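Reviewing the structure listed below.
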There are 2 protein chains.
Amino acid sequence: MKLTINEVAKLAGVSKATVSRVINESKPVNQDKKEKVLKAIEELEFKPNPVARGLVQKRTGLIGVLIPDITNSFFAEIVRGIECVVQEHQYHIVLCHTFHSHEKEMEHLRMLREKYVDGIVFMTSKVTEAHKRFFSENKLPVTFVNRKCNDLRSFSVDINNYQAAKEITSFFLKRGHRQIAIIRAPLTDRTSGYERFKGYQDAFKMHNIPFKEHLVLRSTFKIESAYKVVKRFLDEGHRATAIVATSDLMAIGAIKALIDHGLRIPENVEVSGFDDVPIAMYYNPSITTIRQPIIEIGKTAGEMLIAKIEGITVTEKNIVLPHSIIFRKSTLKSPVLEG
Amino acid sequence: MKLTINEVAKLAGVSKATVSRVINESKPVNQDKKEKVLKAIEELEFKPNPVARGLVQKRTGLIGVLIPDITNSFFAEIVRGIECVVQEHQYHIVLCHTFHSHEKEMEHLRMLREKYVDGIVFMTSKVTEAHKRFFSENKLPVTFVNRKCNDLRSFSVDINNYQAAKEITSFFLKRGHRQIAIIRAPLTDRTSGYERFKGYQDAFKMHNIPFKEHLVLRSTFKIESAYKVVKRFLDEGHRATAIVATSDLMAIGAIKALIDHGLRIPENVEVSGFDDVPIAMYYNPSITTIRQPIIEIGKTAGEMLIAKIEGITVTEKNIVLPHSIIFRKSTLKSPVLEG
DNA sequence: GTGAAAGCGCTAACAG
DNA sequence: CTGTTAGCGCTTTCAC
């Protein structure tokens, strides 16, 4: 069980320093000795102990990933994207649930630092002062996903949420809709909440149409939350001819509530989602949505972080990936009359 | 930055061994020295370096979790359950994607051992000889989820998949259905594939009804796979009056294909799922399914593993949690005529 | 180029 | 009870 660098050194007839040099390619080593070492390593199936190595090098091959909730398929896809690239580079992911709690975030951040992770991918609804302080006190590389941070040393990858929301809202406005409701997340969520809502508002402004406060439905990112809020909206006698949901899960909750209320999608109400998680395509009806390149976002975040960790200079620190509208059956293609 | 146990020892005026004893409560220490140490620790905000500690103690506070794919909401829920309990015990999860590949599984297993994780939660489609060998060679605690392993030292948590599949199939048979198709996973997947299929078959046997080979649809766990296989089934002119899908995602793919083919659910075809992932309730139509206590499964797995790691004796090594059938709108409640 | 030796920060065995 | 002394397995000066 105790297979160490010493055994390799003994078998190869060299010192352990030489073995270390061969393994790390840190210094030139004589060709024949090198071969002997390599052969010994192979024969013994030797793998250096990363904990020991971590102790001296101050690195662990671990990357902390902080997400609100893995059961939200958006985050799951992101994590998968990250995992794909870190696997290639021999890193491992340490997964931390924050459940949208800033306290939990800080707690995890501290624990991760103590566990000497090499870097962090951070998905939070809002970058707070406490976060900034943390990352400036600890020179731990960090990439924010879906969140910008005006910190010079951190990276981010995102899409233009504002623009996307504006586009989908305009799509409805142009086709004559006037009663366009929005299901939005808390505005404390900078991108998915605030920016998407702002895009919705500005689309109205652009078209010189006043938007109505009662058409703003407040929800969380959970299906059931959107379901409830739409149900209440309908129960109270309100109507909309189109609904802009700011996530696909919200769209699902909305559609379900609409259907339960006897309405037909898209004939009576058109609904759009956001993110294009896999289920959007397979829901009934399939959901028109803003496609984000989710896996790509995860991959990019992972790549940037690893580049930073390994000391490769990254030119683009804040990457904005392209989005697009995917038209499916939850909206009509033909223009409708004014609602 | 170099805040070590030595600084604490110096400030407290004791040896570092004493500091270590206080931190770990490993040996009795004089009350006043103890207090001095505690005060010094607080003052310096000292946190022991887990890497150094890991090197000597051969433990890291890390738990490896191997899953096929986090974007499958079933696995995501499990991971969340695990995370909930390990967080309480100050452990962290190292997440590994295996993508159903046995090679990747072995690769991760080896890397995790080298990273000195304290234990592993393993979700694999099949426990192979290589796995057994691995876990017998390395006395690494392991809990299998949804998979039994006749190894005396490993744990498992699961439901009775065979029984559940038999029940749902009987439900259809009793109500007069005869053309009951099944969408099944590869039989190499012991529980979700083989056992659920066996339950389906045995329900037919129990009712003395021969089952038809052409009604067995082979799929993977992905929505699109089930969609395709059902589409082909229909395109080839086959018909079924009920479909037993062996996962909710398969049920979704099936329903979607059925609807695209102009069929109505449940009027023309009844469909049941398996697992009761959150979307099952919010799909349109909502899906009748076998409920597994998914989060509970994850939590139990985490608890058993931690108990094992911390040397608490676990009496029940193979836990089977209860399941139940949840009736929703993808099936009819009233009996139908023979199909 | 290569080996001996000194740590990385911590725990544990051993005396006292 | 407590301090001293070895290491854990590896990397990295520092001489040779």
Side-chain angles (χ1 to χ4, degrees), chain A residues 1-38 40-41 44-62 90 111 113-118 310-311, chain B residues 1-38 40-41 44-62 90 110-111 113-118 138 310-311:
Chain A
M1 261 302 85
K2 38 168 64 188
L3 180 59
T4 76
I5 202 171
N6 287 307
E7 278 63 54
V8 178
K10 206 170 292 173
L11 183 62
V14 300
S15 76
K16 58 180 192 169
T18 304
V19 177
S20 174
R21 281 168 196 136
V22 172
I23 291 172
N24 299 293
E25 299 180 8
S26 51
K27 290 229 170 143
V29 169
N30 221 349
Q31 189 56 31
D32 62 330
K33 296 211 175 190
K34 189 183 214 162
E35 273 164 20
K36 272 184 197 156
V37 170
L38 256 15
I41 288 177
L44 264 29
E45 292 185 40
F46 171 75
K47 305 271 183 183
N49 177 334
V51 180
R53 179 183 273 181
L55 183 58
V56 28
Q57 291 187 158
K58 268 92 190 66
R59 59 179 300 290
T60 53
L62 259 24
Q90 313 271 60
M111 294 204 63
R113 176 195 50 197
E114 285 154 23
K115 288 216 165 143
Y116 285 79
V117 297
D118 297 336
E310 306 198 333
Chain B
M1 265 301 88
K2 40 168 62 187
L3 179 59
T4 76
I5 202 171
N6 288 305
E7 278 64 54
V8 180
K10 206 170 293 173
L11 183 62
V14 299
S15 75
K16 59 180 192 168
T18 303
V19 177
S20 173
R21 281 168 197 136
V22 172
I23 292 172
N24 299 292
E25 298 180 9
S26 51
K27 290 232 169 143
V29 169
N30 217 348
Q31 189 57 30
D32 63 329
K33 297 213 174 190
K34 189 181 212 162
E35 273 163 22
K36 272 184 196 157
V37 171
L38 256 15
I41 288 177
L44 263 29
E45 292 186 40
F46 172 75
K47 304 273 182 182
N49 178 334
V51 180
R53 179 182 273 181
L55 183 59
V56 28
Q57 288 189 159
K58 270 92 187 70
R59 61 178 301 290
T60 53
L62 260 22
Q90 312 271 62
R110 277 189 287 262
M111 294 203 64
R113 177 195 48 199
E114 284 153 23
K115 287 213 167 145
Y116 286 83
V117 297
D118 298 336
N138 306 277
E310 306 197 333

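What you are looking at is a predicted structure, and each value in this text was computed from that prediction instead of being measured. Throughout, a chain's letter reflects where its sequence line sits, starting with A, and its residues are numbered from 1. Because only heavy atoms are used, hydrogens play no part in the values below, and waters and symmetry mates are left out as well, while side chains stay in.
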Side chain of [X] (C-beta onward), nearest among [options]:
| X | options | answer |
| --- | --- | --- |
| B:Pro48 | C:dC10, D:dC10, C:dT2 | C:dC10 |
| B:Leu55 | C:dG3, D:dC10, C:dG9 | C:dG9 |
| A:Val29 | C:dT2, D:dT4, C:dG9 | C:dT2 |
| A:Ser15 | D:dG3, C:dG3, D:dT11 | C:dG3 |
| B:Pro28 | D:dG3, D:dC1, C:dC8 | D:dC1 |
| A:Lys16 | D:dT4, C:dC8, C:dA5 | C:dA5 |
| B:Lys33 | C:dT2, C:dG9, D:dG3 | D:dG3 |
| A:Lys27 | D:dT13, C:dG9, D:dG3 | D:dT13 |
| A:Gln57 | D:dC8, C:dG3, D:dT11 | D:dT11 |
| B:Arg53 | D:dC10, D:dT4, C:dT11 | C:dT11 |

Minimum heavy-atom separation for [X] and [Y], please, with both atom names.
| X | Y | value |
| --- | --- | --- |
| B:Phe46 | B:Ile5 | CE1-N, 3.6 Å |
| B:Leu55 | A:Asn49 | CD1-ND2, 4.4 Å |
| A:Asp118 | A:Thr60 | OD1-N, 2.9 Å |

Within less than 4.0 Å of OP1 or OP2 of [N], is there a side-chain N or O belonging to [X]?
| X | N | result |
| --- | --- | --- |
| B:Asn24 | C:dT11 | yes |
| B:Thr18 | D:dG3 | yes |
| B:Asn6 | C:dG9 | no |
| A:Asn30 | C:dT2 | yes |

Value in whole Å for how far the [atom2] atom of [N] lies from [atom1] of [X]:
| X | N | atom1 | atom2 | value |
| --- | --- | --- | --- | --- |
| A:Ile23 | D:dT11 | CD1 | C1' | 10 Å |
| A:Leu44 | D:dG9 | CG | C1' | 15 Å |
| B:Leu3 | C:dC8 | CG | P | 14 Å |
| A:Lys58 | C:dG9 | NZ | C1' | 7 Å |

Which part of the nucleic acid, if any, lies within contact of [X], taking any heavy atom under 4.0 Å across all strands shown: a base, the sugar-phosphate backbone alone, or nothing?
| X | value |
| --- | --- |
| A:Val14 | sugar-phosphate |
| A:Ser20 | base |
| B:Phe46 | sugar-phosphate |

Fill in: Side chains of B:Val14 and B:Lys36 in contact at under 4.5 Å (non-hydrogen atoms)
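No, every pair of side-chain atoms sits at 4.5 Å or beyond.
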Fill in: Worked verdict on A:Ser20 versus A:Ile23 for side-chain contact (heavy atoms from CB on, under 4.5 Å)
CA-CA 5 Å; A:Ser20 174; A:Ile23 291 172; 5.7 Å; no
